[in-house]
Student: 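Let me begin by handing over the structure; questions about it come next.
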Amino acid sequence: MSERESRAKGGSGTVSSAGAPEVRGTAAALPQEALEIAAGYAFGGPALDLGALLWDGRCLPDAQVRVPLPMLNRHGLVAGATGTGKTKTLQLIAEQLSAQGVPVFLADIKGDLSGVAAPGQPNDKVRSRAAEVHQDWTATGFPAEFYALGGIGHGIPVRATVTSFGPVLLSKVLQLNQTQEQSLGLIFHYADTKGLELVDLKDLRAVVAFLTSEEGKGELRNIGGLSTATAGVILRSLTAFEAQGMADFFGEPEFDTSEFLRTAPEGRGVVSVLELAAVQDRPQLFSTFLMWLLADLFHDLPEVGDADKPKLVFFFDEAHLLFDDASKAFLDSITQTVRLIRSKGVGVFFVTQTPKDVPAEVLGQLGNRIQHALRAFTPDDQKALKATVKTFPNSAYDLEELLTGLGTGEAVVTVLSERGAPTPVAATRLRAPESLMGPVEAGELERAVTASALYGRYAQAVDRESAYERLQPSRGGKGPDEMREARGGKGPDEIREATGAADQRARQKEQPSVVEQVVGSGMFKSLARSVGTQIGREITRSLFGTARRRR
């Protein structure tokens with residue numbers, strides 16, 4: 001029986017007559033401490049193979065270190081200093097998830113993960129590593145889709161509407177303080193209730209500009225707690241943000257995150273690679289955009305409970321950028337999202353340098369840990385090393401010494417067993433990815449993008465009528481109230497399609513008191529967000545203030 005056939009039947013673990021897992025091969029000859037560690041990874045169900053146990057300076061290929069497939073939605077952390085092999089670990093896990101029918105999302109910061117779509121190239125290093133860990137290595141490419149934020153770079157454009165992105169995430173991108181963040185939330189609420197669709201940045205800028213104008217100051221007074229000065233700060237921040245070329249990331253068609261949940265015709269999970277190399281100089285933007293993708297998935301997916309395998313595993317690279325200078329509201333929303341999205345079948349792996357980059361409330365929810373080497377060159381490094389060691393369960397290793405001595409492609413691992421209990425800490429020599437360890441050629445990547453069935457759906461930006469156009473004086477409107485009245489409506493139960501501008505003006509003249517009463521009412525529902533209809537529906541917001549999508 002080949003190794004892969006053995007894996008399909010439960011891998012390296014077998015079950016003794018007493019029901020306890022045993023380790024295959026020559027494991028009985030292992031030192032007692034190593035045997036106990038190896039037994040903790042002898043799972044009976046489907047699992048991902050990470051590598052072979054390291055003990056006392058030796059690689060023990062009969063003691064395989066694995067992670068149960070159903071436990072991948074219990075989240076995880078991949079950490080380690082630059083150059084220690086984190087990216088290759090992501091690639092290794094993504095390949096095995098795809099092979100077992102689980103879709104994967106990867107954020108490609110450095111531009112070297114596109115190789116997951118192409119077969120790897122055998123060489124002496126690969127052959128040596130495969131032999132060391134008893135890996136049956138076969139060059140294999142995996143089904144992949146490539147995306148790019150706003151179409152900047154090689155990939156299918158990923159955009160979000162400003163309305164969907166919401167005030168909390170946008171405040172993080174704009175680097176607003178807590179007061180300004182709360183004020184932006186009021187502006188979004190105003191736009192929602194007045195039926196002003198915020199599709200792109202110029203829409204939001206038009207709303208804020210109107211509220212700070214002479215004719216809009218009266219509206220501003222009706223928005224509790226929002227001062228003219230704060231609105232002015234937000235307007236200047238938006239203008240500067242737009243001037244930096246950030247407008248491309250917002251607009252339509254808005255990306256449907258359910259695209260990440262697809263499998264290929266042969267049953268393998270599609271690996272969605274978000275190419276971020278072209279925007280890596282804008283970390284606040286892309287890290288926050290990743291959170292929007294996750295929040296949007298959270299809104300849309302139904303509860304599934306404990307499944308046999310995840311619906312999606314989402315790798316959140318450069319995770320420290322997400323938490324840097326984050327407001328309490330932002331951190332609370334991240335914590336809640338991570339806590340609750342597990343029950344919807346999504347596993348989230350944060351990728352960063354040390355566990356201390358992740359807030360304790362989030363770190364406590366990450367059941368699977370792969371810690372690559374750390375450096376201890378400075379006092380701060382030594383402090384980070386000690387803090388990292390404290391986050392691991394009790395171990396038979398001297399972790400401070402071990403973590404500074406690991407080689408590239410080696411890591412300290414602890415995961416959740418099939419019973420949900422932490423496995424023993426295991427120093428591990430990791431397997432080699434079977435796909436290309438590096439980027440594919442630019443021309444090949446571009447051909448893959450344009451050949452995708454999704455390219456025609458998202459490639460061309462659409463600029464339809466929204467808040468910016470409706471607030472232009474040239475359209476004959478003096479503000480959102482008159483625009484709303486022109487579209488027809490006397491109350492939440494009487495909103496209907498407009499029947500023509502002349503008819504609406506006549507209705508306003510005949511019943512001015514009714515119109516004024518409706519306009520001033522806090523119960524007035526927002527108008528249609530859908531381009532195909534003008535029937536009003538109230539925008540509802542959830543975590544991060546993001547709008548619930550209607551598909």
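Not measured: the values here are computed from a predicted model.
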Student: What pair of heavy atoms forms the shortest contact from Gly345 to Val304, and how long is it?
Tutor: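 Heavy-atom minimum between the residues: N-CG2, 3.5 Å.
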
Student: Look at atom CD of Gln244 and say whether more than 12 heavy atoms of other residues, nucleotides or ligands are closer to it than 6.0 Å.
Tutor: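 Enclosed.
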
Student: Measuring from Leu301:CG to Leu340:CG, what's the distance to the nearest 0.5 Å?
Tutor: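 If we round to the nearest 0.5 Å, Leu301:CG and Leu340:CG are 13.0 Å apart.
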
Student: With no hydrogens and no angle check, is any side-chain donor or acceptor of Asp108 less than 3.5 Å from a backbone partner on Val273?
Tutor: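 No; zero donor-acceptor contacts below 3.5 Å.
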
Student: How far does NZ of Lys344 sit from NE2 of His299, to the nearest 0.5 angstrom?
Tutor: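 Answer rounded to 0.5 Å: 8.0 Å.
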
Student: Do Glu181 and Val168 make a side-chain contact, defined as non-hydrogen atoms from C-beta onward lying under 4.5 Å apart?
Tutor: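 Sidechains of Val168 and Glu181: in contact.
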
Student: Please check if any side-chain donor atom of Glu254 sits under 3.5 Å from a side-chain acceptor atom of Ser164, or the reverse.
Tutor: yes

Student: To the nearest 0.5 Å, what is the distance between CG (Leu174) and CD1 (Ile234)?
Tutor: 8.5 Å

Student: Taking C-beta and beyond as the side chain, do Leu176 and Leu170 meet within less than 4.5 Å on heavy atoms?
Tutor: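 Result no, sub-4.5 Å side-chain heavy-atom pair not found.
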
Student: Name the orientation class of the two ring planes belonging to Trp292 and Phe289 (parallel below 30°, tilted from 30 to 60°, perpendicular beyond 60°).
Tutor: perpendicular

Student: Distance-only, no hydrogens or angles: does the Ser98 side chain make a donor-acceptor pair with backbone N or O of Ala94 under 3.5 Å?
Tutor: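 No, because the side chain of Ser98 does not come within donor-acceptor range (under 3.5 Å) of the backbone of Ala94.
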
Student: As a test of understanding, state which of Phe105, Phe350, Phe349, Phe260 forms a ring-ring contact (aromatic ring centres under 6.0 Å, His included) with Phe315.
Tutor: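 Going through the options one by one, the only one that passes is Phe349.
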
Student: Do Leu312 and Leu297 pass the side-chain contact (heavy atoms from CB on, under 4.5 Å) test, and can you show the C-alpha distance, the side-chain angles, and the key distance before you say yes or no?
Tutor: CA-CA 10 Å; Leu312 173 73; Leu297 283 165; 3.6 Å; yes

Student: Do Phe146 and His154 come close enough that some side-chain heavy atom pair is under 4.5 Å?
Tutor: no

Student: Is it true that a side-chain atom of His75 and a backbone atom of Val348 form a donor plus acceptor pair closer than 3.5 Å?
Tutor: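 Yes: the side chain of His75 pairs with the backbone of Val348.
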
Student: Decide yes or no on side-chain contact (heavy atoms from CB on, under 4.5 Å) for Glu259 and Val158, but give the supporting numbers first.
Tutor: CA-CA 11 Å; Glu259 309 287 8; Val158 174; over 6 Å; no

Student: To the closest 0.5 Å, what do you measure between CG (Leu274) and CG (Asp317)?
Tutor: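 Interatomic distance, Leu274 CG to Asp317 CG, rounded to 0.5 Å: 11.0 Å.
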
Student: Could you pull out the closest heavy-atom pair between Ala459 and Arg159, with the gap in Å?
Tutor: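 Heavy atoms only, the tightest pair is O-NH2, 3.3 Å.
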
Student: For Asp308, I'd like to know if atom CG has over 12 heavy atoms of other residues, nucleotides or ligands within 6.0 Å.
Tutor: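 Atom CG in Asp308 is not packed in, count stays at 12 or less.
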
Student: Evaluate the side-chain proximity of Leu416 to Pro68: yes if any heavy-atom separation is below 4.5 Å, no if none is.
Tutor: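 Contact flag for Pro68/Leu416 side chains = no.
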
Student: Keeping Lys356 on the side-chain end and Ala387 on the backbone end, is there a donor-acceptor pair under 3.5 Å?
Tutor: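 Here the side-chain-to-backbone pair does not exist.
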
Student: Test Arg342 against Asp306 for salt bridge (charged side-chain N to carboxylate O under 4.0 Å, His left out), laying out the working first.
Tutor: CA-CA 8 Å; Arg342 179 185 70 80; Asp306 291 323; 3.1 Å; yes

Student: Distance alone, cut at 3.5 Å: any donor-acceptor contact between the side chains of Thr82 and Gln353?
Tutor: yes

Student: Counting N and O atoms only, with roles assigned by atom type, does the side chain of Gln365 sit under 3.5 Å from a partner on the main chain of Glu361, one being a donor and the other an acceptor?
Tutor: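 Checking the backbone N and O of Glu361 against the side chain of Gln365, a donor-acceptor pair under 3.5 Å is found.
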
Student: Check Val162, Val173, Ile152 against Phe249 for a side chain to side chain contact (heavy atoms under 4.5 Å, CB included) and give me the one that passes.
Tutor: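 By the side chain to side chain contact (heavy atoms under 4.5 Å, CB included) criterion, Phe249 pairs with just one of Val162, Val173, Ile152: Ile152.
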
Student: Given 3.5 Å as the limit, does a donor-acceptor pair link the side chain of Asp357 with the main chain of Thr354, or not?
Tutor: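 Yes, because the side chain of Asp357 sits within donor-acceptor range (under 3.5 Å) of the backbone of Thr354.
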
Student: Verify side-chain contact (heavy atoms from CB on, under 4.5 Å) between Arg375 and Thr84, making sure each step is shown before the conclusion.
Tutor: CA-CA 10 Å; Arg375 310 302 180 211; Thr84 56; 3.5 Å; yes

Student: Do Arg470 and Glu197 sit within salt-bridge range, that is, some charged N less than 4.0 Å from a carboxylate O?
Tutor: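 Yes, charged N to carboxylate O under 4.0 Å.
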
Student: Judged by atom type as modelled, is there a donor-acceptor pair below 3.5 Å linking the side chain of Asp200 to the main-chain atoms of Asp203?
Tutor: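 Yes, because the side chain of Asp200 sits within donor-acceptor range (under 3.5 Å) of the backbone of Asp203.
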
Student: If I compare all heavy atoms of Val199 with all of Ser466, which pair ends up nearest, and what's the gap?
Tutor: CG2-CB, 3.7 Å

Student: Scan Thr257, Leu106, Leu294, Val104 and name whichever one has a side chain to side chain contact (heavy atoms under 4.5 Å, CB included) with Phe314.
Tutor: Leu294

Student: Does any non-hydrogen side-chain atom of Thr391 lie less than 4.5 Å from one of Leu77?
Tutor: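 The answer is no, as the side chains (C-beta and beyond) never meet within the 4.5 Å cut-off.
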
Student: Any heavy-atom pair between the side chains of Leu322 and Leu290 that's under 4.5 Å?
Tutor: no

Student: Whether the Ser287 and Glu318 side chains hold a donor-acceptor pair (N or O, under 3.5 Å, no angle test) is what I'd like checked.
Tutor: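 No, because no side-chain N or O of Ser287 sits under 3.5 Å from a partner of the opposite role on Glu318.
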
Student: Does atom CD of Gln178 have more than 12 heavy-atom neighbours from other groups under 6.0 Å away?
Tutor: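 Open: at most 12 neighbouring heavy atoms sit under 6.0 Å from CD of Gln178.
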
Student: Once you round to the nearest 0.5 Å, how far does CD of Glu242 lie from CG of Leu204?
Tutor: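 Rounded to the nearest 0.5 Å, the CD-CG separation comes to 9.5 Å.
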
Student: Apply the test side-chain contact (heavy atoms from CB on, under 4.5 Å) to residues Asp463 and Glu469: give CA-CA distance (whole Å), side-chain angles for both, the deciding distance (0.1 Å), then the verdict.
Tutor: CA-CA 10 Å; Asp463 187 12; Glu469 289 78 15; 4.0 Å; yes

Student: Is it the case that the side chains of Thr335 and Asp332 hold a donor-acceptor pair, with the cut-off being a distance below 3.5 Å and no angle test?
Tutor: no

Student: Under 3.5 Å, is there a donor-acceptor pair between the Asp256 and Ser258 side chains?
Tutor: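 There is such a pair between these side chains.
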
Student: Mind listing the closest non-hydrogen atom pair of Ala144 and Val116 along with its distance?
Tutor: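 That would be CB-CG1, 4.3 Å.
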
Student: Would you call the rings of Phe250 and Phe165 parallel, tilted or perpendicular, taking 30° and 60° as the class edges?
Tutor: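 Plane angle over 60°, so perpendicular.
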
Student: Can you see which heavy atom on Leu374 is nearest to which on Thr388, and at what distance?
Tutor: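 Looks like CD1-OG1, 3.5 Å.
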
Student: Tell me whether the rings of Tyr147 and Phe255 are parallel (<30°), tilted (30 to 60°) or perpendicular (>60°).
Tutor: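 Perpendicular: the ring planes of Tyr147 and Phe255 meet at over 60°.
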
Student: Would the distance check show the side chain of Asn73 and the main-chain N or O of Ser343 forming a donor-acceptor pair, the cut-off being under 3.5 Å?
Tutor: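 Checked: no pair found.
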
Student: Minimum heavy-atom separation for Val440 and Ser114, please, with both atom names.
Tutor: N-OG, 3.0 Å

Student: Closer than 3.5 angstrom, by distance alone: can the side chain of Gln472 be matched with the main-chain N or O of Tyr468 as a donor-acceptor pair?
Tutor: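 A pair under 3.5 Å: yes.
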
Student: Report yes or no: does Thr263 contribute a side-chain atom to a donor-acceptor pair with the main-chain N or O of Arg268 at less than 3.5 Å?
Tutor: no

Student: Any non-hydrogen side-chain atom of Lys172 less than 4.5 Å from a side-chain atom of Met291?
Tutor: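 No, every pair of side-chain atoms sits at 4.5 Å or beyond.
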
Student: Any side-chain heavy atom of Gln91 within less than 4.5 Å of one from Ser435?
Tutor: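 When only atoms from C-beta onward are counted, Ser435 and Gln91 do touch, with a gap below 4.5 Å.
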
Student: Roughly how far apart are Lys86 NZ and Gln371 CD, rounded to 0.5 Å?
Tutor: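 Reported to 0.5 Å precision, the distance equals 9.0 Å.
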
